[in-house]
A.B. asks: 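I am attaching a structure below and will ask some questions about it afterwards.
Counting starts at 1 for both ligands and their atoms, following the listed order.
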Amino acid sequence: MPQSDLSFNKLRDSIRQALKTWYEAGSEASPFSDLRLFQQNQWPNGASPRQATNQILLEALTELALTHQEGADLLRKRFLDGLAMHAVAGRFNIGEATAYRRQEKALDRLTHILHEKEICLRSVYQTELEKRLDLPPTVRLFGIEQPLHRLRSRLLAPEPSWLLSIEGIGGIGKTALANSLIRQMALIDRFPAVAWVSAKQHEFLPDFERAQLATPALSHDALIDQLLDQLSPGVSFTQPPSQKRAILSQHLKQMPHLIVIDNLETVADYQTLLPLLRELANPTKFIITSRHSLQAQPDVFCCTLNELNQADALTFIRHEATTRGLPLLAQASETDLRRIYEVVGGNPLAIKLVVGQLSVLPLPIVLANLKQARGKNAEAFYSFIYWQVWQLLTPISRQALLVMPLAHNPTLEQLLALSRLDLAEISEALDQLVGLSLIQAGGNLETRRYTIHRLTETFLLTEAIEWPNSP
Ligand SMILES: Nc1ncnc2c1ncn2[C@@H]1O[C@H](COP(=O)(O)OP(=O)(O)OP(=O)(O)O)[C@@H](O)[C@H]1O
Ligand SMILES: [Mg+2]
């Protein structure tokens, strides 16, 4: 977690400012407005910014008094009782210069207390975010500074745009960018709560029957249910849909939420969801990821992702090679890497798949194969890459891969049950599939979860079944 975002000196200035304005009751802005401590005090209690600010100061002063009674008393007299420094010095029987020095020391200690509390709160928040939301794992991203900056400043602004879209072709990094955005500390400070809804609906399917895979699109009601579920976990909402909609709307109007709707394009008539999002927005903001552009919608701020440029693509290839334990590729000459870029381009998912192939095959063969696909559109290019990778898979890996779409981010136990492979076989298969970038292992130490990319899933469901040697 980027704790360095919380500067000690800045916090100290804010505390001094907050103490100085102790009695400014009507003040709308708080020097603490960026702190989770503040959000925690203000939103749930409906406190005014001033009340929330003073509450934070009071609690910190009480804590300070436990270890440094005199410092806490001095600050109270000076700021809460509003005494001039010479009067404070008189009460403590010390000179004015000494009183100033002690005030600064006490301010330092007060800052330490709040700094520690805030860092602790942020870390709890981060952990809960991971636990509560089904987020993709964090990975290092390349070449996204510009879109990240554009979106970040739009999101931080207190005014429109309320709806922002990240758009671009499959595998270009829309979900990855949204994931990186909502973990940005500045945004965590700006939005007290975050939700993440995948418009693509997953259902656990007991048997591998393609007919059952026609999953329902995200309806208005399903979206409302999912958001209520994430924002008020544990509360059961048994009301009729119209009432649930009103509850949610009230919730989202009360304080700014940041909500991601991933894969909006999978909703067949996705444009019908937009009026609902507009109704729920302000002060809440929505980030939508979509392969379709929303540029026709005048109120949506659109950010189109393009392929990585050559420099970023090369850095990414080296990075992938390093993390996959492929030192020869990681240290390959710029000329060799450029040969890859010239054929593959700068689509991050395509790069990952090709690097996966390079863990098994020599570069000239991979490139010669890929050249056959040059000039094809993105979909056909992916199809080609997947077909190449498929050839490298053992029958057991194919069997394991084909059951992946049957469960949402399956665990090892689910994979064992679905594939009917034994532990040794599934371990071998996972090893190969992870190595080839077809599967990503996530979850935690206790429970590993395995994920495939949507494009991999699409190809498995539409093409792999028809490919030769499918089990
Ligand atoms: N800029 C980047 N740098 C490094 N890796 C990236 C970058 N962008 C995406 N990736 C990786 O590439 C893969 C594809 O990205 P992602 O899933 O975000 O694409 P997408 O645009 O959401 O695709 P889809 O339209 O299919 O949902 C992921 O494994 C992701 O971690
Ligand atoms: Mg995506």
A.B. asks: Taking both backbone and side chain into account, is any N, O or S atom of T175 nearer than 2.8 Å to the Mg ion (ligand 2)?
C.D. replies: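 So T175 counts as coordinating the Mg ion (ligand 2), yes.
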
A.B. asks: Which of the atoms of ligand 1 are close to R140, meaning less than 4.0 Å from one of its heavy atoms?
C.D. replies: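 Atoms satisfying the 4.0 Å criterion: 4 (C).
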
A.B. asks: Tell me whether R324 is salt-bridged to E320, with the criterion being a basic N under 4.0 Å from an acidic carboxylate O.
C.D. replies: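 Here R324 pairs with E320 in a salt bridge, since their nearest N and O are under 4.0 Å apart.
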
A.B. asks: Suppose we measure from atom 17 (O) of ligand 1 to each protein heavy atom; which comes out shortest, and what is that distance?
C.D. replies: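 Atom 17 (O) of ligand 1 sits closest to the protein heavy atom H453 NE2, 2.7 Å.
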
A.B. asks: Name the closest protein heavy atom to atom 3 (N) of ligand 1, giving the residue it belongs to and the distance to 0.1 Å.
C.D. replies: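 Result: F142 N, 2.9 Å.
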
A.B. asks: Within less than 4.0 angstrom of ligand 1, does G168 place any heavy atom?
C.D. replies: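 False for this residue.
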
A.B. asks: In ligand 1, which numbered atoms sit nearer than 4.0 Å to a non-hydrogen atom of I144?
C.D. replies: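 It comes down to these atoms of ligand 1: 1 (N).
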
A.B. asks: What are the two closest non-hydrogen atoms of L155 and F191, and how far apart are they?
C.D. replies: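 Heavy-atom minimum between the residues: O-CZ, 3.5 Å.
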
A.B. asks: Using atom types as modelled and distance alone, determine if a side-chain donor or acceptor of K253 lies under 3.5 Å from a backbone N or O of N282.
C.D. replies: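 Side chain of K253 to backbone of N282, a donor-acceptor pair under 3.5 Å: yes, one is there.
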
A.B. asks: Determine whether any heavy atom of H319 lies closer than 4.0 Å to an atom of ligand 1.
C.D. replies: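 Judged by the 4.0 Å heavy-atom criterion, H319 does not count as contacting ligand 1.
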
A.B. asks: Could you check atom 5 (N) of ligand 1 against the protein and tell me its nearest heavy-atom contact, residue, atom and distance included?
C.D. replies: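 Ranked first by proximity to atom 5 (N) of ligand 1 is F316 CZ, 3.3 Å.
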
A.B. asks: Ion pair present between R454 and E265, side-chain N to carboxylate O less than 4.0 angstrom?
C.D. replies: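 A salt bridge is present here (some side-chain N lies under 4.0 Å from a carboxylate O).
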
A.B. asks: Go through ligand 1 atom by atom and flag the ones less than 4.0 Å from a non-hydrogen atom of N263.
C.D. replies: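 So the atoms of ligand 1 that pass are 27 (O).
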
A.B. asks: What ring pair (Phe, Tyr, Trp, His ring centres under 6.0 Å) pairs are there with at least one residue in residues 231-269, not counting sequence neighbours?
C.D. replies: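 Sorted pair list: H251-H257.
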
A.B. asks: Looking only at the side chains, is there a donor atom on one of S419 and Q399 sitting less than 3.5 Å from an acceptor on the other?
C.D. replies: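 On atom types as modelled, these side chains do not qualify, holding no pair under 3.5 Å.
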
A.B. asks: Kindly write out the residues that satisfy ring-ring contact (aromatic ring centres under 6.0 Å, His included) with H319, not counting sequence neighbours, or none if the list is empty.
C.D. replies: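 Residues passing ring-ring contact (aromatic ring centres under 6.0 Å, His included) with H319: F142.
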
A.B. asks: Side-chain contact test, heavy atoms from C-beta onward, threshold under 4.5 Å: evaluate it for L37 versus L121 and give yes or no.
C.D. replies: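 Of all side-chain heavy-atom pairs linking L121 with L37, at least one is under 4.5 Å.
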
A.B. asks: Identify, by atom number and element, the atoms of ligand 1 in contact range of R291, meaning under 4.0 Å from any of its heavy atoms.
C.D. replies: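 Per the distance check, 24 (P), 25 (O), 26 (O).
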
A.B. asks: Check this for me: E379, atom CD, are more than 12 non-hydrogen atoms of other residues, nucleotides or ligands nearer than 6.0 Å?
C.D. replies: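 Open.
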
A.B. asks: Nearest heavy-atom pair of R398 and W390: which atoms, and what distance?
C.D. replies: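 The answer is NH2-O, 2.9 Å.
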
A.B. asks: What protein heavy atom sits nearest atom 19 (O) of ligand 1, and how far off is it?
C.D. replies: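 Protein heavy atom at minimum distance: G173 N, 3.2 Å.
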
A.B. asks: T175 versus ligand 1: do any nitrogen or oxygen atoms come within less than 3.5 Å of each other?
C.D. replies: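 Looking only at distances, the answer is yes, because the N/O contact criterion of under 3.5 Å is met.
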
A.B. asks: Is the closest basic N to carboxylate O distance between D13 and K10 below 4.0 Å?
C.D. replies: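 Judged by the 4.0 Å cut-off on N to carboxylate O distance, D13 and K10 do not form a salt bridge.
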
A.B. asks: Within a radius of less than 6.0 Å around CD1 of I365, do more than 12 heavy atoms belonging to other residues, nucleotides or ligands occur?
C.D. replies: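 No.
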
A.B. asks: With heavy atoms only and a cut-off of under 4.0 Å, state how K352 meets ligand 1: side chain, backbone, both or neither.
C.D. replies: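 Just the side chain.
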
A.B. asks: For a 4.5 angstrom cut-off between non-hydrogen side-chain atoms, does L181 reach V260?
C.D. replies: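 No, side chains not in contact.
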
A.B. asks: Give the residue, atom name and distance (to 0.1 Å) of the protein heavy atom nearest atom 13 (C) of ligand 1.
C.D. replies: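 Of every protein heavy atom, L349 CD1, 4.0 Å lies nearest to atom 13 (C) of ligand 1.
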
A.B. asks: For ligand 1, which atoms sit closer than 4.0 Å to a heavy atom of V139?
C.D. replies: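 Matching atoms, with element in brackets: 31 (O).
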
A.B. asks: Which option, K174, E307, E145, E167, owns the non-hydrogen atom nearest atom 25 (O) of ligand 1?
C.D. replies: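 Comparing heavy atoms across K174, E307, E145, E167, the nearest one to atom 25 (O) of ligand 1 lies in K174.
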
A.B. asks: Check whether any heavy atom of I172 sits under 4.0 Å from an atom of ligand 1.
C.D. replies: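 A heavy atom of I172 does come that close to ligand 1.
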
A.B. asks: What atoms in ligand 1 come closer than 4.0 Å to a heavy atom of I169?
C.D. replies: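 Checking each atom against I169, I get 21 (O).
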
A.B. asks: Of the protein's non-hydrogen atoms, which lies at the shortest distance from atom 18 (O) of ligand 1, and what is that distance?
C.D. replies: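 Among all protein heavy atoms, the one nearest atom 18 (O) of ligand 1 is A176 N, 2.8 Å.
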
A.B. asks: Find all atoms of ligand 1 within a distance of less than 4.0 Å from any non-hydrogen atom belonging to G170, and give their numbers and elements.
C.D. replies: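 Answer, ordered by atom number: 23 (O), 24 (P), 25 (O), 26 (O).
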
A.B. asks: To which protein heavy atom is atom 27 (O) of ligand 1 closest, and what is the distance rounded to 0.1 Å?
C.D. replies: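 That would be R454 NH1, 2.6 Å.
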
A.B. asks: Can you tell me the protein heavy atom closest to atom 12 (O) of ligand 1 and the distance?
C.D. replies: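 The answer is P348 CB, 3.7 Å.
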
